[in-house]
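Whatever order the structure lists ligands and atoms in, that order sets their numbers, starting from 1. We count residues from 1, following the sequence as given.
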Amino acid sequence: MTFTESPRTPHLKIAIVGGGYVGLVTAAGLASHGHKVTVMEVEEGRLKELEAGRLPIREPGLEALWSKAVEGGLRVAHPKEGGYRAAELMIVCVGTPTREDGTQDLAHIKGAAADIGEGLRDSHGYAVVAIKSTVLPGTTEGVVRPILERASGRRAGPDFGLAAVPEFLAQGSAVQDFLHPNRIVIGGLDKASAEVLLRAFAKLPGPRMVTDLGTAEMIKYASNAFLASRISLTNEIANLCKAQGLDTLQVLEAVGMDDRIGPKFLRPGVGFGGSCFAKDVQALTARATSIGVIPRMLRATIEVNEDQPLRLVGLLDQKLGGVKGRRIALLGLAFKPGTDDIRESRGLVIASLLRRAGAHVVAFDPEAVPSARAASPDLEYASDARKCLAGAEACVIATEWPEFSRLRNEFGAMKRPLVVDGRRGLDPVGLGIEYVGLCW
Ligand code: UDX
C-alpha cells in the first residue's frame with residue numbers, strides 16, 4: 001500500500017462526492033477533525049450556493065461547523081475540475097432514489113463512480129473510494145467496482161481501495177449523530193481499504209465494526225427495517241389498545257421499561273415519513289422477492305404504515321358524520337418537527353385522502369409550506385395556525401411541532417373545536433376542545 005503521506009499522518013485529503021444532506025454534514029464533521037476536505041457537487045445551482053457560503057439545508061449546529069470548516073480550508077468544487085486526482089479518500093454521498101417498481105435508481109452512483117474512475121486514472125498514489133449512499137448489498141462490489149476499474153484502467157485492491165460506510169444520521173440531530181455515533185460500520189474490500197477509513201474516523205468516539213462490503217451495506221437496511229417495523233408494531237399495539245378502551249400510553253411506557261426493549265421509538269401515531277424508512281423497506285422488500293425470500297414482516301411494516309392515515313380519516317369521518325364539504329384544518333406537513341422536508345409526509349397523505357373524500361382542507365406548517373406548495377400546488381395553505389383553524393369544523397395534527405402544543409385561544413375560532421391528533425401533539429387539558437387521539 002502506498003500512501004501519499006505517511007500512514008501515521010492523521011489527516012487525509014478527502015473528497016466528499018455530493019453536496020446533499022449527508023455529504024454536507026459528513027464534510028463539515030470530517031473537516032472539524034482536521035482533514036482537508038473538498039465537496040464535489042455536479043449541480044451548478046447548488047454548487048454556486050455553496051460557493052457563496054449558503055447552505056441548502058438547515059440542520060442544528062451545521063452552520064457553525066460549516067463556517068469553521070470553510071475558514072479552515074474546506075472547499076467546494078465541480079468534479080470535472082480534477083479534484084479527485086489529489087484525494088486519498090473519496091466518500092460518495094449521492095442520492096439513491098426509488099423507482100416506481102421499488103427498485104433503486106443508481107444513476108447518480110454510476111455517474112459519480114465514472115468521474116472518480118477518471119480521476120484515479122491520473123492519480124499516482126493509493127486512494128480509497130467509499131460508498132456512504134444507501135445501496136443494496138452487492139452494489140459496491142458489483143456495480144461501483146467495475147465502473148471504477150473501467151474508467152481508471154486500474155484494479156480495485158492493489159491499485160485503489162473500496163469501502164462501504166453506511167450512514168445513520170437522523171434529520172434534526174445529524175451533526176450530533178455524526179460527531180457522537182452509536183457505532184461506525186466500515187465495510188472494506190480488504191484491510192488496506194478499511195484502514196484508511198479508520199484513519200478518517202479516528203477522532204470519532206464509539207465502537208468500530210469492520211466487515212466485508214455487502215455486510216456493511218446490509219447493516220443500514222437491517223437497522224432501518226428494525227426501526228420502521230418497531231414503529232408499525234407500536235402502532236398496531238396502540239390501535240389494539242384504543243379499540244379495547246385501554247390506556248395505550250401506559251401500555252407502551254411499561255413495555256419500554258423492559259431493558260430488552262427500551263423506551264425509544266415507541267411513539268404511536270400516524271406512521272413514519274421521511275426519506276429513509278419507506279424507501280429502504282421497499283427496496284429491501286423488492287430485493288427479498290427477487291431472491292426468493294418472502295418478506296412478510298417488511299410488507300406488514302409498510303401496510304400498517306399506510307393504514308394509519310386511513311384510520312385517521314375514518315375517525316374524522318365518523319366524528320363529523322362525513323367529511324364531504326367540511327372545512328378541515330390540517331396542522332403539520334413536515335415529516336417530523338424541526339425540518340421543512342415533506343418526503344413521505346403523513347400530512348400530505350392525509351390531505352389527499354380528505355380531499356378525495358370531498359373535504360375542504362386548509363393546511364399550515366411552521367416551516368414546510370413552501371416545500372409542500374411546490375409538491376402540492378392545489379392544496380390551500382394558511383399563513384398561520386390561527387387562520388388555518390378559523391371556521392374549521394375539525395382540526396388534524398399530523399406533525400408534533402412544539403408551536404402547536406402552545407395553541408390556546410386559536411381553537412376558539414373553529415366552527416367546531418374537534419381535534420383529531422395523529423401525533424400526540426397536544427395536551428388537551430384546559431383547552432376546551434373535543435380531543436380525539438388517533439390510537440390512544
Ligand atoms: C431515519 C433514521 O432514524 C436514521 O438512522 C436513518 O439514517 C434515516 O432515517 P429520519 O428519517 O431523519 O431518520 O427521522 P426519524 O427521527 O427516525 O423519524 C422518521 C419517521 O418516523 C418520522 O416521520 C417520525 O415521526 C416517525 N416516528 C419515529 C414515529 O412515528 N414514531 C417513533 O417512535 C419514532
Given side chains that start at C-beta, do those of [X] and [Y] come closer than 4.5 Å, heavy atoms only?
X	Y	result
Thr103	Thr98	no
Ile328	Val362	no
His180	Pro205	yes
Leu47	Glu44	yes
Thr96	Ile109	yes

Enumerated ligand 1 atoms positioned under 4.0 Å from heavy atoms of [X]:
X	answer
Cys276	8 (C), 9 (O)
Ala170	3 (O), 12 (O), 13 (O)
Glu167	7 (O)

Of the backbone atoms (N, CA, C, O) and the side-chain heavy atoms from C-beta on, which set of [X] has a member under 4.0 Å from an atom of ligand 1: side chain, backbone, both, or neither?
X	answer
Asn224	side chain
Gln171	both
Leu266	backbone
Glu344	neither

Tell me whether ligand 1 is touched by [X] - counting only heavy atoms on the residue side and a distance under 4.0 Å.
X	result
Arg346	no
Lys264	no
Gly271	yes

[X] N/O to ligand 1 N/O under 3.5 Å:
X	value
Gly273	yes
Arg423	yes
Ser275	no
Phe335	yes

Could you tell me how the ring of Phe277 sits relative to the ring of Phe272: parallel (under 30°), tilted (30 to 60°) or perpendicular (over 60°)? perpendicular

Got the closest protein heavy atom to [atom], with its distance?
atom	result
atom 33 (O) of ligand 1	Arg267 N, 2.8 Å
atom 14 (O) of ligand 1	Lys336 NZ, 3.0 Å
atom 4 (C) of ligand 1	Leu169 O, 3.4 Å
atom 27 (N) of ligand 1	Ile231 CD1, 3.4 Å
atom 19 (C) of ligand 1	Phe277 CE1, 3.6 Å

When rounded to the nearest 0.5 Å, the distance separating CZ of Arg267 from CZ of Arg423 is 7.5 Å

Could you walk me through whether Phe411 and Leu389 satisfy the side-chain contact (heavy atoms from CB on, under 4.5 Å) test, starting with their C-alpha distance in whole Å, then the side-chain angles of each, then the deciding distance to 0.1 Å, before giving a yes or no? CA-CA 7 Å; Phe411 292 110; Leu389 290 167; 4.0 Å; yes

Where is the tightest heavy-atom contact between [X] and [Y], given as atom of each residue plus distance?
X	Y	value
Gly206	Arg208	O-NH1, 2.6 Å
Val22	Leu169	CA-CD1, 4.4 Å
Tyr381	Ala372	OH-O, 3.1 Å

Would you check, one step at a time, whether the test side-chain contact (heavy atoms from CB on, under 4.5 Å) holds for Ile16 with Thr38? CA-CA 6 Å; Ile16 300 292; Thr38 306; over 6 Å; no

A student comparing Phe168, Phe272, Phe265 should find that the heavy atom closest to atom 17 (O) of ligand 1 comes from Phe265

